[in-house]
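For reference, the structure discussed in these notes is given below.
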Protein chains: 2
Amino acid sequence: MKAAPRKTADLSAQIAHAIRDAIVSGELIVDARLPSEAELSDQFKVSRPTVREALKRLAAQSLIRTQRGASGGAFVNRLSFEDAYSQQVTTSTLLLSMNAVSFDTACEARYALERACASLSAQRRTADQLATMRAEIFRQSQPGLTDEAFCASDVTFHRALVDGAENPVLSYQLAGAVEAMQPLMNMITFTARSREEIIALHTRITDALEARDAETVDTALVDLEHYTRQLAHDVAEQKRKPA
Amino acid sequence: MKAAPRKTADLSAQIAHAIRDAIVSGELIVDARLPSEAELSDQFKVSRPTVREALKRLAAQSLIRTQRGASGGAFVNRLSFEDAYSQQVTTSTLLLSMNAVSFDTACEARYALERACASLSAQRRTADQLATMRAEIFRQSQPGLTDEAFCASDVTFHRALVDGAENPVLSYQLAGAVEAMQPLMNMITFTARSREEIIALHTRITDALEARDAETVDTALVDLEHYTRQLAHDVAEQKRKPA
DNA sequence: GACTTTTAAATGTCAGACAAATGAAAATTT
DNA sequence: AAATTTTCATTTGTCTGACATTTAAAAGTC
């Protein structure tokens with residue numbers, strides 16, 4: 001953890017980078033306590049506010065956690081899947097909203113990833129996950145449901161599908177993508193007719209999953225992707241000439 | 001962008017959250033200039049160092065950039081695919097190293113995602129990408145290559161395969177996963193025999209891609225996954241009894 | 001008009017101080 | 001002696017005020 005000055009960046013950025021490298025390289029292991037802010041100030045020959053800014057940068061990435069009081073300090077954080085997942089959601093959401101990624105592109109990516117999980121889910125799905133999916137299908141069929149609630153249920157349904165793969169790395173990657181797309185999905189108004197269609201596809205997916213029929217799950221997901229993109233396309237058309 | 005106090009967290013965390021919400025909600029658009037640190041201090045009724053800590057948190061996530069001098073300040077950053085990608089690499093790397101994700105799990109996730117891209121790549125691959133892949137295959141066949149260089153070339157090869165899908169969302173997601181696995185891959189010693197096998201599979205993939213034969217690409221990737229996992233398994237065996 | 005100088009505004013950094021939390025040791029009580 | 005309370009040192013959180021540095025625009029000069 002030595003002060004390796006890179007380019008001419010802020011001191012706080014340099015220090016954050018140095019500490020981050022120490023963590024990534026394993027020099028600082030999980031739950032290890034960093035030197036106190038005063039000690040870091042001495043080591044890096046900077047003031048305490050500068051050290052603090054560096055530590056806040058790391059805290060923002062969930063790399064460290066801090067605790068006040070005696071025997072307190074900054075500790076290397078074990079990055080949980082949840083932390084990683086929420087960071088991914090934020091990043092993906094911003095990427096989608098700020099870079100004007102088209103709905104088609106996002107949709108294609110999402111279903112491509114989801115289909116990658118599907119074959120694994122077909123092998124490994126538990127009764128629990130099937131129950132979750134069927135419960136969400138039931139919820140989706142309730143007449144009084146708002147569009148937002150319908151979409152939220154949709155997310156839960158697909159998360160269950162993804163979690164069925166029993167691979168936390170896949171779950172974390174994909175769940176981020178699915179959730180990040182929710183705002184875009186919310187912009188689509190679901191008519192009673194389109195909900196019916198989606199529920200039918202969800203049922204087809206769940207049935208196939210129960211039968212461990214990977215191929216049918218795959219084709220159903222392809223159909224769902226096409227249908228979703230068609231819906232988005234129709235909404236865009238309608239907006240252009242709202243006669 | 002009002003001061004909405006959440007729980008009993010640090011002030012800097014609260015402020016960072018408030019500003020982040022303003023960005024995500026679109027209240028602050030790309031390239032918009034935030035109020036100066038002094039003005040933010042007044043608005044949130046905190047001191048400048050506290051505001052600065054909040055801003056550093058946001059800077060760590062590439063949500064803002066700062067510029068010194070007159071007409072300088074903090075600006076909402078357009079999150080580039082590159083920024084998102086490097087964040088994803090960091091997060092994925094830490095997740096893999098700190099959570100003791102098994103090689104099998106990581107490998108399975110990686111190839112599942114990669115196969116998701118493959119069918120799209122088969123449709124859209126350009127001559128350029130094919131050329132890159134063949135160049136890397138050639139590099140991999142050079143006898144003097146170190147294991148690290150072999151792995152690096154492997155990453156480049158697979159990135160080209162993923163980029164062939166012409167879907168930046170997929171590229172950003174998957175490239176992170178592939179790169180994060182490199183340290184794990186580096187731990188595998190590639191004998192001349194195993195390199196030969198891998199090169200043969202890479203060639204099979206590239207040929208199939210050139211012929212736009214999605215199915216063969218898929219099966220070749222399945223074979224490559226199995227072979228990679230077998231190699232890792234053998235290495236683990238060898239370590240247990242290095243007779 | 002083109003160039004140079006000045007200036008004001010903003011971030012970057014520093015120093016010192018106090019507040020608040022917290023665990024451990026010391027003192028007190030039972 | 002055991003249990004409880006008090007004290008205390010350590011560490012982060014926050015504030016105040018100041019100065020350094022950068023930078024673009026305004027003012028001045030040729």
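Below, read A as the first sequence line, B as the second, and so on, with proteins coming before strands; counting in each chain starts at 1.
- Legend: ring-ring contact (aromatic ring centres under 6.0 Å, His included) pairs involving residues 154-174 of chain B, not counting sequence neighbours, sorted by first then second residue: B:F157-B:H202, B:H158-B:H202.
- Listed by chain and number, the residues in a side chain to side chain contact (heavy atoms under 4.5 Å, CB included) with A:D128 are A:T126 (sequence neighbours excluded).
- For the side-chain hydrogen bond (donor to acceptor under 3.5 Å, both in side chains) test, no residue two or more places apart in sequence or in another chain qualifies with A:S41.
- For the ring-ring contact (aromatic ring centres under 6.0 Å, His included) condition, no pair includes a residue of residues 55-95 of chain A, sequence neighbours left out.
- For B:F150, the ring pair (Phe, Tyr, Trp, His ring centres under 6.0 Å) partners are B:F190, not counting sequence neighbours.
- Every residue two or more places apart in sequence or in another chain that forms a salt bridge (charged side-chain N to carboxylate O under 4.0 Å, His left out) with A:E225 is listed here: A:R229.
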Checklist outcome for this item: Expected string for nucleotides 9-18 of chain C under the B/S/- scheme (protein heavy atoms, under 4.0 Å, primed atoms plus P, OP1, OP2 as sugar-phosphate) is BSBBBB--B-
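- Taking the 5' to 3' direction, DNA chain D first and last meets chain B under 4.0 angstrom from a heavy atom at D:dG13 to D:dA24.
- The salt bridge (charged side-chain N to carboxylate O under 4.0 Å, His left out) test applied to A:E37 returns A:R48, A:R52, not counting sequence neighbours.
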